[in-house]
Amino acid sequence: MIKLTATAAIYSISPVIDIPSKSGGNPFQKRELVLDDSWFDRDNQPHQSLVVIEATGEKMDLLNQFSPGMRVTVEALVSGREANGRVFNSIRLLGIQQAAQQTYAAPTMPPQQPMYPQQPAPAYQQPAYPNAAPYPQQGYAPYPQAQPQQPQQKQGGGLPF
């Protein structure tokens, strides 16, 4: 397991999630803390980055004093396992505290709608490129069209061999 410490804004906190027991016993309970680690590229375009951290047992109660938009510092354990040829990671909450900056304030990218209940993702739309020129662009020659070639006849009476 890898221990990590991260500071980010809270995107959402789920209610208690019950996962049914396979053996018919008590359900497993957890809450999900979603941190918003979104960033801007050099062109000031936003890139959303959300990280889910699971809280189980007594750690679930730690989330009661926090709300979306608050900036927090989280300690967590990262673990992974392999199943069916794939590697799966999980991040488990160890501790959480309020960061020095009280709330998250991004002028052009405020926190989105809460993640729970989940909404369908919008369809992808092709971004508009304002300086794009139609093909062929100036300075480039169009790709030459292939000319059909006539089969060459061999000597020997027109036989193919």
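M60 and I13 end up in different hydrophobic clusters when Ile, Leu, Val, Met, Phe, Trp and Tyr side chains are linked at under 4.5 Å. A chain of hydrophobic side-chain contacts below 4.5 Å, direct or via other Ile, Leu, Val, Met, Phe, Trp or Tyr residues, connects I96 to V78. With hydrophobic clusters built from ILVMFWY side chains whose heavy atoms lie under 4.5 angstrom apart, V52 does not share a cluster with L94. Side-chain heavy atoms closer than 4.5 Å link hydrophobic residues (I, L, V, M, F, W, Y) into clusters, and following such links, even through other members, never connects V74 to L77. A chain of hydrophobic side-chain contacts below 4.5 Å, direct or via other Ile, Leu, Val, Met, Phe, Trp or Tyr residues, connects I91 to F66.
Summarising the geometry, atom CD belonging to Q65 is positioned 8.5 Å from atom CD belonging to Q98; distances are rounded to the nearest 0.5 Å. Atom CZ of R31 and atom CG of L63 lie 5.0 Å apart (nearest 0.5 Å). Here I10 contributes atom CD1 and R71 contributes atom CZ; the two are 11.0 Å apart, rounded to the nearest 0.5 Å. For the atom pair CG of L93 and CD of E58, the computed distance is 10.0 Å after rounding to the nearest 0.5 Å. One distance of note links OG of S38 with CG of L50; it measures 5.5 Å at 0.5 Å rounding. The distance from the NZ atom of K59 to the CG atom of L33 is 13.5 Å, given to the nearest 0.5 Å.
Within a 6.0 Å sphere centred on CD1 of I2, other residues, nucleotides and ligands contribute 12 heavy atoms or fewer.
Without hydrogens or angle criteria, D41 side chain to D43 main chain gives a donor-acceptor distance under 3.5 Å. Counting only distance, with no hydrogens or angles, the side chain of K30 and the backbone of T56 share no donor-acceptor pair below 3.5 Å.
Residues satisfying the side-chain contact (heavy atoms from CB on, under 4.5 Å) criterion with T73, sequence neighbours excluded, are T5, T7, Q97, A99.
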